[in-house]
Amino acid sequence: MLNFPLISSISEYGFGCRTAEYTCNILSHLQNQSLNHLDGQNMFSDFYPKLPRTVCKCSGIVSRIYSAPNYGDSRINISARKFIAGDPVKVSNFSCDKLSFGELRTNPRKGGLTAWSRAALNVEKVVESEGGGGRSANTSKDYDAIIIGSGIGGLVAATQLAVKGARVLVLEKYVIPGGSSGFYQRGGYTFDVGSSVMFGFSDKGNLNLITQALAAVGCQMQVIPDPTTVHFHLPNNLSVRVHREYNEFIEELTSYFPHEKEGILKFYGECWKIFNALNSLELKSLEEPLYLFGQFFQKPLECLTLAYYLPQNAGDIARKYIKDPRLLSFIDAECFIVSTVNALQTPMINASMVLCDRHFGGINYPVGGVGGIAKSLAKGLVDKGSEILYRANVTGVIVEQGKAVGVRLSDGREFFAKTIVSNATRWDTFGKLLKGEAIPKEEQDFQKVYVKAPSFLSIHMGVKAEVLSPDTDCHHFVLESDWTKLEESYGSIFLSIPTVLDPSLAPEGRHILHIFTTSSIEDWEGLSRMEYEAKKQLVVDEIISRLEKKLFPGLRSSIDFMEVGSPKTHRRYLARDEGTYGPMPRRIPKGLLGMPFNTTGIDGLYCVGDSCFPGQGVIAVAFSGVMCAHRVAADIGLEKKSPVLDAMLLRLLAWLRTLA
Ligand SMILES: NC(=O)c1ccc[n+]([C@@H]2O[C@H](COP(=O)([O-])OP(=O)(O)OC[C@H]3O[C@@H](n4cnc5c(N)ncnc54)[C@H](O)[C@@H]3O)[C@@H](O)[C@H]2O)c1
Ligand SMILES: CC(C)=CCC/C(C)=C/C=C/C(C)=C/C=C/C(C)=C/C=C/C=C(C)/C=C/C=C(C)/C=C/C=C(\C)CCC=C(C)C
């Protein structure tokens, strides 16, 4: 009588429930993994009414358990301080005498939560694992590397290692790969979770790291070239299209600022100098001396160019050539969309990378959506003999005698490997996964230089196609009237319409609008459910009104589908502390000098993703994956290494970071 739904969900997971400890593990497994993804208040709101909520208090941890729909929709609150067989358990307005674990074991397996998460996600077949993983995944110490998280950073590190012959296990908390580059499907729409601008996805040069990562595991995706990277709609009707063709873009920009033509050419020209130097190198770990010195030997000029620009920021270089404050504000907007900070805080190397790649290889959209990249990498990983396990929520890194040797999951399972790579942010890795370990000095220094960038409020919308004019560009950035609002929460609006390029992502006669704006988690904390929903409504109404005024009259009445994610949604689904978009400098940084690479102060533990060099962005995290795989491979004997040179270089790099 008491908790059929709970029983069902647990038995659906196929666990036995013999001891109190095991049950707590199950609950925390449910809490931390699949159930988080079923929080109907957020992405799955359309299913919410059908998913009554049960709240369990278990040893001080609040677990939310949803009941299965076919057990009626009564809401049940279970409040038990400890889940011990035979303990009294209070259930909502009535209490029942015993929570019997025998009952838990014997309940039917059909219709439980797993089934619901599958139905709700509708992302093809949700699999628990690929490769040899799964419930039976080998927990003995025979992996070369365990990767925590399957964002693009984690997947690139994993696949590169697998290609080098390593045995890798990827543990992903969610039910599909990709993290912020994942996807989800609703009502015939396929939405990209994050935005849809793909750098490094061309068939040219050395910097097409996404293309290369896929090719390494035998995958190739069909892409659609985007003729315009972004259409800026800025104060005083400054409307600039960043054309794929560099000369067309320069022509358009100089038509607004003819008096600054020379400055424009010099600034972007300096970006090209850096881009060309980057593009000439073979990209591997800058923490691996044999490679790094080899590159200096083969390409001394290019390496010296990069070393020269490493501590510099785009805003300072722009100011050498450009005086017009409006044009400098435009350069701020150019940098802001890829770094969430203005040009004075954006490393020149990163700015050059994105300001040139969009014209060199161009921005290309994968047919079927961005989520296909992660799916292909995950498949490629398995094809190479490695494994990926979903619904695997890592809650701790196991450290023995100062060395990271394994990980512990929320359901109590433990896996061991020679090396552990975390694709969680550094805040999550050192703040949550390394319980009981002092935060290494390098991490403390990192946190002095970098803070968490705000999160986003994102609106995934399906609209009637007529509301857009036929020549609408795919990506837009809107800041209507006041430059000072550029970096403020809700100040500027990002908008992607991937169906302009790939109509197959929406039902016939419909378009997808993915609208997002910066927003901090503090704005959303401490609200009641009603206040939270009301706030979402308010913010969304305001954004729709702004877009109606600036771009799409009649937008509101054309909406066919809408789902809104707040920073809390980002925190929950992407497992990112405060839902952060990534690190941003606390003050004016020394370019990229302060950004840590992949090794950490804990032996055997590496980080990968956007809190590693060179920072935020899919192409950036792909590079961090390439670097990480190279460093790990050297450390486990799959690539050449020199322990003496290693020690010297790592010490030198640590010292350089202290100058940031
Ligand atoms: N260019 C674009 O359009 C675009 C779009 C989306 C994302 N992005 C970029 O992607 C970057 C992030 O990529 P990333 O690779 O660093 O990370 P990510 O946040 O995308 O992925 C991390 C993955 O790790 C998983 N994870 C975290 N903690 C875990 C744990 N304890 N146990 C198991 N799994 C766990 C998460 O579920 C997630 O899948 C962002 O900086 C953003 O700039 C860009
Ligand atoms: C070591 C030492 C000390 C020295 C030595 C020297 C050398 C050799 C050096 C080298 C270096 C290198 C190699 C470097 C590299 C770098 C890189 C690659 C970088 C990259 C970067 C990238 C990036 C940053 C990117 C980003 C992007 C992004 C973020 C994006 C985003 C997007 C979005 C958001 C979208 C928008 C939308 C709309 C508008 C709608």
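Keep in mind the model is a prediction, meaning the values are calculated, not measured. Every number for a ligand or one of its atoms is a count from 1 in the order of the listing.
- Note: no N/O pair closer than 3.5 Å links Val621 and ligand 1 by distance alone.
- The closest approach between any non-hydrogen atom of Tyr581 and ligand 1 is below 4.0 Å.
- For ligand 1, the atoms lying closer than 4.0 Å to a non-hydrogen atom of Leu171 are 33 (C), 34 (N).
- Ion pairing of Glu287 with Arg631 is absent here, as no side-chain N (NZ or NE/NH1/NH2) approaches a carboxylate O to less than 4.0 Å.
- Ligand 1 has at least one atom lying under 4.0 Å from a heavy atom of Gly609.
- Within the structure, the closest approach of Phe275 to ligand 2 does not fall below 4.0 Å when heavy atoms are considered.
- Remark: the Tyr365 side chain and the Asp192 side chain contain an N/O donor-acceptor pair separated by less than 3.5 Å.
- Only the side chain of Leu278 comes within 4.0 Å of ligand 2, judged by heavy-atom distances.
- When Phe199, Tyr308, Phe494 are ranked by how near their heavy atoms come to atom 36 (C) of ligand 2, first place goes to Phe494.
- Taking a cut-off of under 4.0 Å to the non-hydrogen atoms of Ile152, the atoms of ligand 1 that pass are 15 (O).
- Close contacts of ligand 2 with Ile337, meaning ligand atoms under 4.0 Å from a residue heavy atom, involve 31 (C), 32 (C), 33 (C), 34 (C).
- For atom 31 (N) of ligand 1, the nearest non-hydrogen atom from the set Val394, Leu409, Thr425, Leu389 belongs to Val394.
- Here Ser624 has no heavy atoms under 4.0 Å from ligand 1, in either its backbone or its side chain.
- If you number the atoms of ligand 1 from 1 as listed, the ones under 4.0 Å from a heavy atom of Leu574 come out as 36 (C).
- Atoms of ligand 2 lying under 4.0 Å from at least one heavy atom of Leu306, given by number and element, are 7 (C), 9 (C), 10 (C).
- Between His514 and Phe516, the gap from one ring centroid to the other is short of 6.0 Å.
- For the pair His476 and ligand 2, a heavy-atom separation below 4.0 Å is found.
- Applying the 4.0 Å criterion to heavy atoms of Lys173 picks out, from ligand 1, the atoms 33 (C), 34 (N), 35 (C).
- When atom types are taken as modelled, the side chain of Gln312 and the backbone of Tyr308 share a donor-acceptor pair closer than 3.5 angstrom.
- Nearest protein neighbour of atom 40 (C) of ligand 2, counting heavy atoms only, is Leu495 O, 3.2 Å.
- Minimum heavy-atom separation, Leu501 to Pro227: CD2-CD, 4.3 Å.
- For ligand 1, the atoms sitting less than 4.0 Å from at least one non-hydrogen atom of Gly179 are 20 (O), 21 (O), 38 (C), 39 (O), numbered in the order shown with element in parentheses.
- Aromatic ring centroids of His233 and His476 lie under 6.0 Å apart.
- Under the 3.5 Å distance criterion, with hydrogens and angles disregarded, a donor-acceptor pair is assigned to the side chains of Asp473 and Thr228.
- For Thr499 (side chain) and Ile512 (main-chain N/O), a donor-acceptor pair under 3.5 Å exists by modelled atom type.
- The heavy atom nearest to atom 23 (C) of ligand 2, out of those in Gly617, Ala620, Ala622, is found in Ala620.
- In terms of modelled atom types and a separation under 3.5 Å, the side chain of Asp502 and the main chain of Val500 share no donor-acceptor contact.
- Under a 4.0 Å heavy-atom criterion, Ser496 is in contact with ligand 2.
- In summary, the atoms of ligand 2 found under 4.0 Å from a heavy atom of Val354, numbered by their order in the structure, are 23 (C), 25 (C), 26 (C), 27 (C).
- Each of the following atoms of ligand 2 lies closer than 4.0 Å to a heavy atom of Leu656: 3 (C).
- Salt bridge status for Glu578 with Arg571: absent, with no side-chain N to carboxylate O gap under 4.0 Å.
- Below 3.5 Å of separation, one finds an N or O of Glu172 facing an N or O of ligand 1.
- Checked against a 6.0 Å centroid threshold, the rings of Tyr581 and Phe456 count as neighbours.
- Side-chain rings of His460 and Phe191 approach one another, their centers coming within less than 6.0 Å.
- When each atom of ligand 2 is checked for a heavy atom of Val230 under 4.0 Å away, the hits are 39 (C).
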Show me the side-chain donor-acceptor pairs of residues 650-657 shorter than 3.5 Å, one per line, residues at least two apart or across chains.
none

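- Between Lys204 and Asp357 there is no salt bridge, since no side-chain N of the basic residue sits under 4.0 Å from a carboxylate O of the acidic one.
- Annotation: the span from Asn598 atom CG to His630 atom NE2 amounts to 11.0 Å, rounded to 0.5 Å.
- Here Phe275 and Phe360 bring their ring centres to under 6.0 angstrom of each other.
- The aromatic ring centres of Phe446 and Trp427 sit less than 6.0 Å apart.
- When heavy-atom distances to ligand 2 are checked against a 4.0 Å cut-off, Phe232 has no atom that comes that close, whether in backbone or side chain.
- Contacts with ligand 2 closer than 4.0 Å are made by heavy atoms of both the backbone and the side chain of Val338.
- At a heavy-atom cutoff of 4.0 Å, ligand 2 is contacted by no atom of Leu592, backbone or side chain.
- Every atom of ligand 1 with a heavy atom of Val197 under 4.0 Å away is listed here by number and element: 1 (N), 2 (C), 3 (O).
- Listed by atom number, the atoms of ligand 2 under 4.0 Å from Tyr581 heavy atoms are 29 (C), 31 (C), 34 (C).
- Proximity of Leu209 to ligand 2, defined as any heavy-atom pair under 4.0 Å, is not found for any part of the residue.
- Residues that satisfy the side-chain hydrogen bond (donor to acceptor under 3.5 Å, both in side chains) test with Gln212, not counting sequence neighbours, are Asn208.
- Considering backbone and side-chain N/O atoms, Gly617 comes within less than 3.5 Å of an N/O atom of ligand 1.
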message = Please evaluate residues Arg358 and Asp226 with respect to the criterion salt bridge (charged side-chain N to carboxylate O under 4.0 Å, His left out), reporting the C-alpha separation (whole Å), side-chain torsions for both, the decisive distance (0.1 Å), and the verdict.
response = CA-CA 9 Å; Arg358 63 194 189 183; Asp226 190 344; over 6 Å; no

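- Between the choices Gln295, Met353, His231, the shortest heavy-atom distance to atom 22 (C) of ligand 2 belongs to Met353.
- Set against the non-hydrogen atoms of Arg576, the atoms of ligand 1 under 4.0 Å away are 12 (C), 17 (O), 18 (P), 19 (O).
- Applying the 4.0 Å criterion to heavy atoms of Ser181 picks out, from ligand 1, the atoms 6 (C), 7 (C).
- Taking only nitrogen or oxygen atoms, main chain and side chain alike, Tyr174 does not reach within less than 3.5 Å of ligand 1.
- Checked against the 6.0 Å centroid criterion, the rings of Phe249 and His359 qualify as a close aromatic pair.
- Listed by number with element, the atoms of ligand 2 under 4.0 Å from a non-hydrogen atom of Leu310 are 3 (C).
- Short contacts between ligand 2 and Leu283, defined as distances under 4.0 Å to a heavy atom of the residue, involve ligand atoms 13 (C).
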